[in-house]
Every structure is written in C-alpha cells, then in structure tokens.
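Worksheet for the structure shown next.
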Amino acid sequence: MSEGAPISAATFGRQIVNKFPGVECIPKEDGILECIVPADKIRDVVGMIDEEIHDAFPESVFGVDLQEDKYELIYIFWSRTNRTQYHLRVSLEGSNPEVETVCDIFPGMEWHERETHEMFGIGFKGHPDLRLLLLPEELEGKFPLRKSFVTDRARLEEADRTPPKPNATEGGASE
Amino acid sequence: MSPDILDETTEVWFGPQHVSAHGWAAKLTLVGDYVVECDPNAGYFHRSAEKCLEFRNFRQGSLIMERLCMLEAFLAEYPYIQAVEKIAELEVPERAKVMRTIMMEASRIHSLQFWWGQFSAELGLFAMLLWPWVDREFFLDTFEELSGSRHAVSYSTPGGVKYDFNDKVLKKLDIALERFEDRMPMMRDMLMGSPTFRARTEGIGQYTLKQGLKFGLSGPPIKACGLPMDLRKDAPDPNLAYDMIDWEVPVTESKEHPGESDAYDRMVQRFKEMETSVEIIRKLLPLVPEGPIIDSKARAKANRLPEGEAYGRVEGTRGISTLWLKTTDKAQTPYRAKIRGPCFNSYYSLKHLVPGAKFADFIVVFGSLDPYPGWWDR
Amino acid sequence: MGFFRNLGDIFQILRHIFRQVMSRPFTYFYPFEDREYPETTRGRHIHVRENCTACMQCVRACPVVAISIDKSDKRYEKDAALYFDYTRCIFCGLCVQACRFDALFHTQVVDISEGEREDLLYGPDKIETLDRDPLEWRGRRFR
C-alpha cells in the first residue's frame with residue numbers, strides 16, 4: 001500500500017469542487033471537511049474519496065429527520081494520513097426519497113445503509129440486500145426513527161417531563 | 001468424500017441458542033465441511049437506544065450508552081459525554097481528565113481480559129476461560145470501590161466525573177495491576193505457545209489492510225495489519241490526558257504475511273494493547289493533580305444545550321465508537337443521536353471473511369474480531 | 001539423571017497441589033457467606049425524612065421514573081413521602097447526587113430480591129427504615 005503525502009482538508013475540498021462544480025466544501029476546525037453534496041453526485045464524490053485517499057475509513061452513514069418530508073443523509077469518512085474527517089451531507093425530500101448506494105465502493109457501508117433504510121425509509125438504489133436488519137417484522141414500513149413515529153409516552157407523562165419538541169401526528173403507534 | 005456431498009448445500013443456523021452465540025445468529029451455507037455463504041443476522045438485542053436517547057436529558061444519556069457495552073463501560077459512555085461537552089463548551093478540570101483516562105484504560109484491560117477468556121473457551125481451552133476472569137475480578141472490585149457498581153459505573157458526566165479517587169481505590173487498582181503484570185506473561189506464553197492454539201488460529205480469517213479498512217474494521221483488527229490507526233494518538237481529545245505522557249501505539253506486523261492479519265496476529269495485538277494500557281495507567285497515576293473533579297457550572301450548563309451538532313469519538317477496546325449528536329435550541333433532550341458501534345462493522349465483515357473457511361473455523365474468525373452484540377444491536 | 005529430573009517434576013507438582021489445597025477458593029459459598037461491600041456501593045436507598053424538602057429533584061433526575069412523590073403526606077414541616085419502584089430502578093445514583101439536602105442515600109444492602117412483585121414497590125415506611133444493619137446479613141459470615 002503506497003503511502004501518499006498528506007492532503008490538507010482545504011486542498012482536498014478544492015479538488016472536489018474543481019471536479020464536481022455542484023458540491024460545496026467548507027473546511028472546519030478539528031480537522032473536519034464538510035461537503036454539501038447534491039443527491040445525484042454522492043456516488044462520484046465517494047468514488048473520488050476512494051481513489052484519492054488510500055486509507056479512507058468508512059465510519060458511518062445515517063439519516064436525520066428534519067420533518068415535513070425533509071431528510072438529511074450524513075456520510076462520515078476518516079483518513080488517518082490526512083487527520084481529516086469527511087462529512088458529506090445530502091439533503092433529500094419526499095416521503096420515500098432515494099439515493100444511489102455506495103456499498104460496492106465501501107462494503108462497510110452496506111449495513112449502515114440497510115439500517116438507514118429500515119429506520120427512515122430512505123431508499124438506496126442498487127443496494128444488494130435491503131431486508132430488515134434490526135427491527136422485528138411487524139415494524140416493517142413504520143420507520144421508527146422518523147419523528148412522526150409515536151412511541152409509548154406513559155412514563156413521560158408520569159414523570160411530568162416535557163415530551164421532545166416535534167409534535168407527533170401520525171405513524172406507527174406502538175401501543 | 002463422495003462427489004454428491006459436494007453437489008448439495010446444507011443450511012445451518014449458528015445461534016441464537018448456541019452457547020457461544022448468546023444473542024446473535026448467522027445462517028451458514030455449507031458444502032461438505034466448508035462454508036460457502038455466511039449471512040449474519042442482527043437484531044436479537046435491539047433496544048432502540050437511539051430513540052431512547054431522544055427521550056433522555058443530557059445527564060441521563062450516558063446511562064444508555066454504557067449499557068450498550070458493559071465490558072468497556074467507561075469507554076462506551078464517553079462519546080456521548082464528549083459530544084455534549086463540545087456543544088455546551090464545558091471546561092473539564094485537570095483532575096477529572098486524568099482520572100477519566102486512567103479508568104478508561106483500566107476498563108480496556110478488563111474488557112480484553114474478558115475477551116481473552118472467552119476466545120480461549122471458544123477454541124476449547126476451558127482452563128484459560130477462568131484464569132483471566134479471576135484477575136478481572138480485581139478490576140471489577142476497583143470499579144465498585146470507585147463508583148459503587150461493578151459494571152454499570154456511570155462515571156463520567158458532562159463537565160467532569162462523578163466519583164473521586166481515594167486511597168482505597170488506588171490501593172485496589174494497584175493490586176489489580178500488580179496481579180495482572182505478575183500473571184499475564186505466564187498465561188500468555190502458555191496460551192500462545194500451545195501448538196493447538198497456533199494450529200487453530202494461524203491463517204484463519206486473513207484479510208489485507210485495504211480490505212479491513214473497506215469493511216470498516218478499526219482498532220486491534222487494523223493495528224494487527226501494521227497500521228497504527230489509533231484515535232488516542234491521531235485525534236487527541238483535549239478532555240483526556242493521553243497527550244500528557246509518552247507512549248507508543250502498539251502494532252503487530254506478521255513476518256509470514258506482512259500487511260495482512262489473521263486470528264493469531266489479532267491475539268498478539270490484543271496482548272500488546274493490554275501492556276500499553278498498563279503502561280499508560282502507571283505513567284498517569286503519579287500525575288493526578290489536586291483540584292475539583294467537576295466544573296461547578298457544568299450542571300446548569302448541561303441542563304439545556306444550545307443548538308448545535310457535535311461528533312464524539314473514542315478509541316474503544318473493539319475499535320472506533322462514535323456518537324453524532326444534534327440538538328435544537330434550548331433543548332432538554334437531543335434531536336438526533338446516532339451511535340456507531342465498532343462491532344457493527346466487524347460483525348458485518350463475517351459475510352466476507354467466513355466463506356471459504358471450514359465450519360469449525362467460523363467461531364475462530366468471529367471470536368478474533370472481539371464482537372459484542374450490544375454494539376451492533378443497540 | 002532421569003530419576004532426579006522426575007523427582008524435580010514430582011516436587012513441582014506437589015508444590016502446586018499444596019498451594020491449591022491450602023489456598024481459599026476464589027468464589028463465595030453465596031447463600032451462606034458473602035463479601036463485604038464497599039461504602040460507595042449503590043444498593044437500595046434510604047430516605048431521611050427530617051431533611052427532605054419535597055424539592056422533587058430526585059423525581060426529575062430519575063431516568064426510569066422509579067420514584068414518585070406524595071406531597072400531601074407530611075410528617076414534618078415540609079417533607080414528603082417517597083415511593084420507590086425497585087422493579088424499575090437501575091441504581092444509577094442520579095437521584096442521590098441530585099439531592100442537595102442530605103435526604104436520600106444509597107445503602108450497602110444489595111440483596112433485595114423478593115418473591116412477589118408488590119414487595120419491590122417500597123412505600124414510605126419501607127424506604128425510611130432499614131430492616132437490618134447493612135453490615136449484618138442473614139448468612140452472618142463475611143469474608
């Protein structure tokens with residue numbers, strides 16, 4: 001394995017922007033490079049990370065529910081040579097949004113994508129295996145980590161604790 | 001072997017009732033004695049920790065984190081604490097930093113001792129199951145003297161630690177370390193020198209460094225390939241005391257297959273990890289400064305956090321464990337918390353590492369990655 | 001020479017046997033003996049009612065909602081009755097840390113298992129008293 005010279009976060013950010021003009025890269029403190037990537041470019045950017053950074057380590061990919069059918073996907077990679085974390089953010093809209101999978105480039109992302117699929121209902125085009133990973137079968141299609149999923153709040157009321165901000169309206173009822 | 005055996009495939013469920021498989025199961029497709037396909041199944045322990053974290057405030061959240069992996073409780077609760085400290089911009093007193101680091105390393109030794117015993121038992125060496133576990137009791141006694149609980153310690157809190165060192169704790173820690181240093185080399189040589197052990201582990205579950213990185217393996221499985229990827233050194237945390245002392249990241253490089261690691265290398269690597277942890281504790285113990293153990297304003301500050309996002313990471317026993325935290329303004333609870341357990345990826349990588357191995361070697365591959373179901377089921 | 005070497009081996013074996021026979025077993029014969037628990041042990045709670053101010057901090061701190069409070073039940077000036085549900089309690093120690101009036105403590109009593117579920121719901125009478133001294137134990141033998 002060839003040891004390349006370290007590439008700083010700002011330099012790599014510029015390289016990405018030069019190659020893919022739609023991407024926005026913001027180097028942050030603590031060695032974080034934050035890239036805002038359009039949904040159709042994610043495969044290209046991840047492929048570029050794979051080519052340019054020889055020790056890219058896929059840390060995780062996960063979804064965030066921003067409510068009103070808006071979601072955000074965050075891909076995190078870590079490079080030891082560059083001492084940089086690459087946070088790739090993808091904004092998605094719609095009730096069942098889709099992006100392309102990256103699990104053939106980084107096999108370690110396969111289960112993370114599978115979990116995101118069952119928890120948020122975000123589709124991954126080209127993913128080989130989108131069965132349920134952690135959830136039991138009766139929760140299929142209920143997407144428990146969405147904010148609209150109503151959980152059992154009996155104990156919260158008992159404790160007189162304020163429920164979390166998002167007001168739940170519909171979704172899978174657990175009781 | 002008659003040829004028709006090779007034409008037929010057999011499906012075998014390994015777990016969840018198997019004794020080595022408490023809480024996980026893998027579907028193995030066998031041809032003869034060889035595994036051709038492995039499909040690890042997760043979810044038997046799923047307790048929706050991420051959703052639970054959304055309903056707990058910032059002092060209670062670490063309780064859920066430490067229950068994900070009781071063996072490395074001091075390490076497992078830390079990513080959450082780190083993320084909260086980053087968002088709330090809390091200052092941690094020097095004494096708390098050093099104490100945290102010492103206890104995290106003690107918990108690393110204790111976790112590796114547990115794994116070492118269990119791995120030996122999975123190979124059929126049952127005497128070696130109990131010997132490390134006896135030594136492990138002394139670390140548990142230390143944790144109990146310090147925090148009042150043997151496993152669920154709930155030690156760190158945003159802005160410092162909850163329980164202070166006293167003479168009894170230091171004495172018990174010293175007893176535990178001395179006993180460990182006294183007995184570990186003997187037992188290691190006994191285990192590693194055993195021809196049975198070598199025959200069972202050499203060349204099993206072998207992968208290259210590049211493959212390991214792509215599978216998302218971290219910690220000892222990667223360091224056994226010769227890459228010193230260790231967050232303690234690479235991304236030093238200002239709230240921990242690893243940069244106060246000199247120490248080296250242990251690395252194992254095999255002579256037979258440089259740049260690759262097999263089950264034997266990973267075992268060697270973990271023994272080196274334990275030695276490094278003892279060295280770190282021994283060097284840090286005289287450096288514990290006097291002072292408060294918690295920032296006096298931490299309690300008020302951690303009550304409601306400003307809007308923000310933070311990413312807490314720690315080099316756990318089994319690899320990089322992280323927590324991504326997003327808060328809304330003046331929130332009492334997180335908006336979203338994502339836990340990344342190191343074993344999530346190591347359990348997944350069985351899918352690629354096991355095919356081609358013999359059925360009896362499946363548990364060796366599994367055990368050598370040091371998996372803990374709590375980390376992947378969450 | 002072979003004879004002496006064998007003799008040496010036999011001596012080693014004998015030494016090992018004597019050490020194992022003479023040494024105490026590492027485990028405890030539990031229902032009849034137990035070890036001493038450190039002072040910091042997070043066992044069942046005790047509620048000191050004289051100091052209690054009914055500030056509700058323990059109820060708010062509890063992550064599993066194991067504590068409930070009855071403010072109308074007053075014995076002193078501003079105290080309240082606490083109900084502990086030990087089927088829920090995880091012994092995390094947050095309630096004891098939250099108490100600023102020295103009214104709630106952990107004890108060293110950890111063997112609180114019961115046959116009936118109702119016996120684990122500790123009412124105000126049960127939570128204020130210890131039915132036995134924490135260092136006295138039904139096996140009567142500490143090692």
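Small disclaimer: the values here were computed from a predicted structure and weren't measured. Just the heavy atoms: all of them, side chains too, but no hydrogens, waters or symmetry mates, feed the values below. Here is how names work: the chains are called A, B, and so on, in the same order as the sequence lines, proteins then strands, and each is numbered from 1.
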>> Tell me if the aromatic rings of C:H47 and C:F105 count as close, with their centers under 6.0 Å from one another.
In response: no
> Which one, B:V153, B:T157, B:L146, leads in non-hydrogen pairs under 4.5 Å with chain C?
Replying inline: B:V153
>> Taking C:R75 first and then C:E128, would you say they form a salt bridge - that is, a charged N and a carboxylate O separated by under 4.0 Å?
In response: yes
> According to the interplanar angle, ranging from 0 to 90°, do the rings of C:H45 and C:F84 count as parallel (below 30°), tilted (30 to 60°) or perpendicular (above 60°)?
Replying inline: tilted
>> Counting only non-hydrogen atoms closer than 4.5 Å, does B:E66 touch chain C with its backbone (N, CA, C, O), its side chain (CB onward), both, or neither?
In response: neither
>> Can a donor-acceptor pair be found, under 3.5 Å and without considering hydrogens, that links the side chain of C:N51 to the backbone of C:D102?
In response: yes
> Taking B:E145, B:R299, B:K168 one by one, which has the highest count of heavy-atom pairs under 4.5 Å against chain C?
Replying inline: B:E145
